[in-house]
Amino acid sequence: MAVIGKIRQRAGLAIVVVGFSLVAFILGDLLTSNRSFLGVETNVAVIGGRKVKIQDFEARVQELENIYKLNNDATTIDQSALQQLRDQAWGQLLNEELLVRQLNKAGIVVSEEELFDMVQGRHIHPQIKEAFSDPSTGQFSKANIIQFLKTMDQDQTGRTRAQWLAFEEGIRDERAIQKYNDMIKFGLYATNSEARTMYVHNNRKAVVEYVSIPYSEVPDSAATPTDEQLLAYYNKHKDAYDQDASRHVEYVIFDVAPSGEDRQAAFEYIADLVEPFMNTDEDSNFVAVNADTKPDYGYVKQGMLAPRLDSVMFTAAPGTVVGPYEENGYVKVAKLTDRRLMPDSIKVSHALVAYQGAERAPQGATRTAEEAKAVADSLLELCREDAEKYLDIARNASDDAVAAQQDGDLGWINMGSPMDQRFKAGAFQLGVNEVGVVESNFGFHLIKVFESGELTENVQVMTIDRLIEPGSKTFQAVFAKANEFAGRYNTAGLFDSAVVKQGLNKRVLESLSETDRSVPGLENSRELVRWAFEADEGDVSKAFEFEEKFVVAKLVEIREEGIAPLEQVKEEVTAEVIKDLKGDRLIEQFSKAMEGGADLLAIATKVGKNPAAAENVSFTSPYVANLGMEPAFVAHAMTLKENELSAPFKGEMGVYVIKVTTLNEPAEKTEFAEDRRTKLNVYHSRSTYEVFNALQEKAEVVDNRGKFY
């Protein structure tokens, strides 16, 4: 079953397209779980004019849910996996509506013979090679595939066959899409003219002297734009203000923090446990039942405990109890349960006896925990009767298939190794060449220690902790405060004045998308996103509860998809027009300085600046050293002749006059075959992405998922 496990990892959430990089194009919306459609038949998408009903989309999701449950032997699906499945369904939908239609038009298919060739023939699919290779040698064997296909129906549940067929369908679709993309890719061509231009641009470099005056030297008051100038600029540059639908939202948070009463309750809970903890002989069970966090049963050497404990536990007698005390948001009580000399590290091996329900139990495991314990104990008896039997057991009777290939060897470990705490605690209690049985979350381990490091004094300290968290009374008080705020300050003006008056910290979301899963910093806050796209400008929300926070929001502005109106982008337009007007003044200043044919040094002197120089200016980069991104500077430099002085021109940061002092032309050449190949590789690398984008743009995809989830 190890092989189908590898296949399942690839088939579970990538059933339709295995290797195709569709994820690069599908940004998706990452949805939540609200399935209430109010009984209305509505379109979840419109693709190429075809309407997709929400019921049809949900059917896709349900199909993927069923496959997911089958692959993972699960009866339920958590929210994270459900989000991925919805995205998977959206990917399938786009794939079928955009790409599969093109495959059908082009008559592209993958025959049974091709599929056989990918599975058992001369051109084995890379993922099949990986799954059916020997992990220890990396060698691939077709015999392993054939054996697997012959025996997969021994799984009477049918899961193995279903998983394999899903995987086959995935690699078939991947091959068909690859054919389509290759057909386009290999139809592209780079001409000698393109290759020569690329060669020149890559190798033509200039040393440029320049004089610049930054826009900041002209005060804003000297460049005040009129409404007509703003409108003229906006009309000329409308395409720069194309936008997706979004919302501008402001909100305040009412945090639910533990009160003094909540802290006292946590201390009282721990205080009541001090005496029974001190007197119990069942320390591990007592801690497991009463602690808020997962117990640590390990041993540690001096310097590894918290300072308040480290100074006590290495001199105190076993049974010593410290606490209650507060640490990192918890109230704690700690007990010294053991002290002993232990190695700082051990070389250890194990054989695992798993049982049904244990963590990472093999598929099809049927043993109960009691049966697994009996098996482990019987194996321990065999080892005690004949020590040489251990390696055979670790190699052939372990449910840890990976470790079994190495005779169970886990290498050298220490108490800080990222392993199960109970496993480590049990392993470090064994002597060299001693075998023992330890239970962990994975089952029962038959453990043998082969070597050990230097002995040092270690202690075992068990801790009971209680999280200091807000109680129901605290929640109710904060909710009442947030609810009162939402009810009393329910207009934009009242909201703003209350925020100032109460000294609240107002958060701002400039651009919230309808498909955003949540608001940054607010877990599971999809409800706030949906509210923002249902509300009117100026609306104030109810008090939303997100984890340990209550949130009240105000919708500042609605931004619809398309070209933003001037009023929405007036601030950006104004900044650009002011810069443009300043540029006009600076060009006029330069023009006066250039009257009479002055050279660059004379011009610099007249405008009160020092000339500077930039090296390696080239068409390949719009970046200029010490100036930053200045594409206009590069463009002017590349059109000038050597020692030619430019007219003044506007850049990103200011106005420039430049002179190319050295122009390094590329060596003459007549053969551009290598350059053509380089240019063609650029086309090839972009073709898949750009073809999909072109299909998506042509289809005018309307994504309405955010209205339903």
Side-chain angles (χ1 to χ4, degrees), residues 22 24-32 40-54 57 86-87 90-91 93-94 97-98 101 225-251 492 508-520 526-539 541 553-580 689-709:
L22 190 58
F25 319 127
I26 303 169
L27 301 179
D29 63 335
L30 305 177
L31 314 168
T32 60
V40 178
E41 186 177 78
T42 314
N43 301 323
V44 72
V46 181
I47 305 175
R50 194 181 83 80
K51 297 176 180 178
V52 181
K53 301 297 182 185
I54 185 62
F57 183 74
R86 286 180 176 150
D87 288 340
W90 180 252
L93 182 62
L94 285 182
E97 294 296 326
L98 301 178
R101 286 177 182 269
T226 64
D227 290 342
E228 290 76 13
Q229 288 171 320
L230 295 177
L231 182 60
Y233 182 91
Y234 170 78
N235 287 333
K236 186 177 180 180
H237 299 87
K238 271 188 176 181
D239 288 346
Y241 303 107
D242 192 15
Q243 63 183 11
D244 295 326
S246 65
R247 299 293 185 267
H248 179 184
V249 174
E250 296 175 351
Y251 64 97
V508 178
L509 286 168
E510 288 284 356
S511 183
L512 187 65
S513 170
E514 188 175 15
T515 55
D516 286 339
R517 180 189 296 174
S518 61
V519 172
R526 174 65 184 167
E527 188 181 1
L528 175 55
V529 179
R530 294 192 66 187
W531 169 84
F533 278 82
E534 294 169 356
D536 296 323
E537 279 190 14
D539 281 359
S541 75
K554 177 190 71 173
L555 181 59
V556 179
E557 188 175 48
I558 294 174
R559 296 169 181 162
E560 301 294 0
E561 182 178 7
I563 302 297
L566 175 58
E567 286 307 309
Q568 281 190 350
V569 293
K570 191 170 184 178
E571 187 175 331
E572 299 100 293
V573 171
T574 300
E576 290 299 322
V577 174
I578 287 175
K579 185 170 80 171
D580 199 47
Y689 173 83
E690 293 192 0
V691 164
F692 188 89
N693 275 355
L695 292 173
Q696 196 169 19
E697 184 177 347
K698 182 180 179 182
E700 297 181 343
V701 176
V702 177
D703 181 0
N704 291 328
R705 287 175 294 163
K707 300 183 186 305
F708 302 97
Y709 301 110

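This chain uses plain numbering: 1 for the first residue, then up along the sequence. Just so it is clear, the values below take in all heavy atoms, side chains as well, and ignore hydrogens, waters and symmetry mates.
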Q. Between D516 and S513, is there a donor-acceptor pair closer than 3.5 Å when you use the side chain of the first and the backbone of the second?
A.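 The answer is yes, because a donor-acceptor pair under 3.5 Å joins these two groups.
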
*Stepwise side-chain contact (heavy atoms from CB on, under 4.5 Å) check, T42 with K707*: CA-CA 10 Å; T42 314; K707 300 183 186 305; over 6 Å; no

Drop me the distance from [X]'s [atom1] to [Y]'s [atom2], to the nearest 0.5 angstrom.
X: Y709; Y: F57; atom1: OH; atom2: CZ; result: 5.0 Å
X: E537; Y: R247; atom1: CD; atom2: CZ; result: 8.5 Å
X: E527; Y: S541; atom1: CD; atom2: OG; result: 9.0 Å
X: N704; Y: T515; atom1: CG; atom2: OG1; result: 11.0 Å
X: R101; Y: E97; atom1: CZ; atom2: CD; result: 4.5 Å
X: H248; Y: L509; atom1: NE2; atom2: CG; result: 8.0 Å

Find out whether [X] and [Y] are in side-chain contact, i.e. whether some heavy atom of one side chain is under 4.5 Å from a heavy atom of the other.
X: V529; Y: S518; result: no
X: V52; Y: N43; result: no
X: D703; Y: W90; result: yes
X: L512; Y: S246; result: no
X: L231; Y: K236; result: no
X: V519; Y: Y251; result: yes
X: Y241; Y: L566; result: no

Identify, with sequence neighbours excluded, every residue that meets side chain to side chain donor-acceptor pair (under 3.5 Å) alongside [X].
X: E572; value: none
X: E250; value: K506, K554
X: Q229; value: T226

| request: Output, in order, the C-alpha distance, side-chain angles, deciding distance and verdict of side-chain contact (heavy atoms from CB on, under 4.5 Å) for W531 and D539. | output: CA-CA 10 Å; W531 169 84; D539 281 359; 4.1 Å; yes

By ring-ring contact (aromatic ring centres under 6.0 Å, His included), Y233 pairs with (sequence neighbours left out) H237

| message | Using the salt bridge (charged side-chain N to carboxylate O under 4.0 Å, His left out) criterion, which residues pair with K579? Sequence neighbours excluded. | response |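 K579 satisfies salt bridge (charged side-chain N to carboxylate O under 4.0 Å, His left out) with E576, E652 only.
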
* Asked: Which pair of non-hydrogen atoms, one from V249 and one from A532, has the smallest distance, and what is that distance?
  ->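 Nearest pair, atom of V249 first, then A532: CG2-CB, 3.9 Å.
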
Between P225 and I578, the two heavy atoms sitting closest are CD-CG1, 3.8 Å

Check the pair V701, V46 against side-chain contact (heavy atoms from CB on, under 4.5 Å), reporting the backbone distance first and the verdict last. CA-CA 6 Å; V701 176; V46 181; over 6 Å; no

Under 3.5 Å, which donor-acceptor pairs link side chains of residues 556-564 to any protein atom two or more places apart or in another chain?
residue, atom, partner, partner atom, Å
E557, OE1, R559, NE, 2.9
E557, OE1, R559, NH2, 3.0
R559, NH1, E510, O, 2.5

Take V44 and K53, measure what side-chain contact (heavy atoms from CB on, under 4.5 Å) needs, and give me the verdict at the end. CA-CA 6 Å; V44 72; K53 301 297 182 185; over 6 Å; no

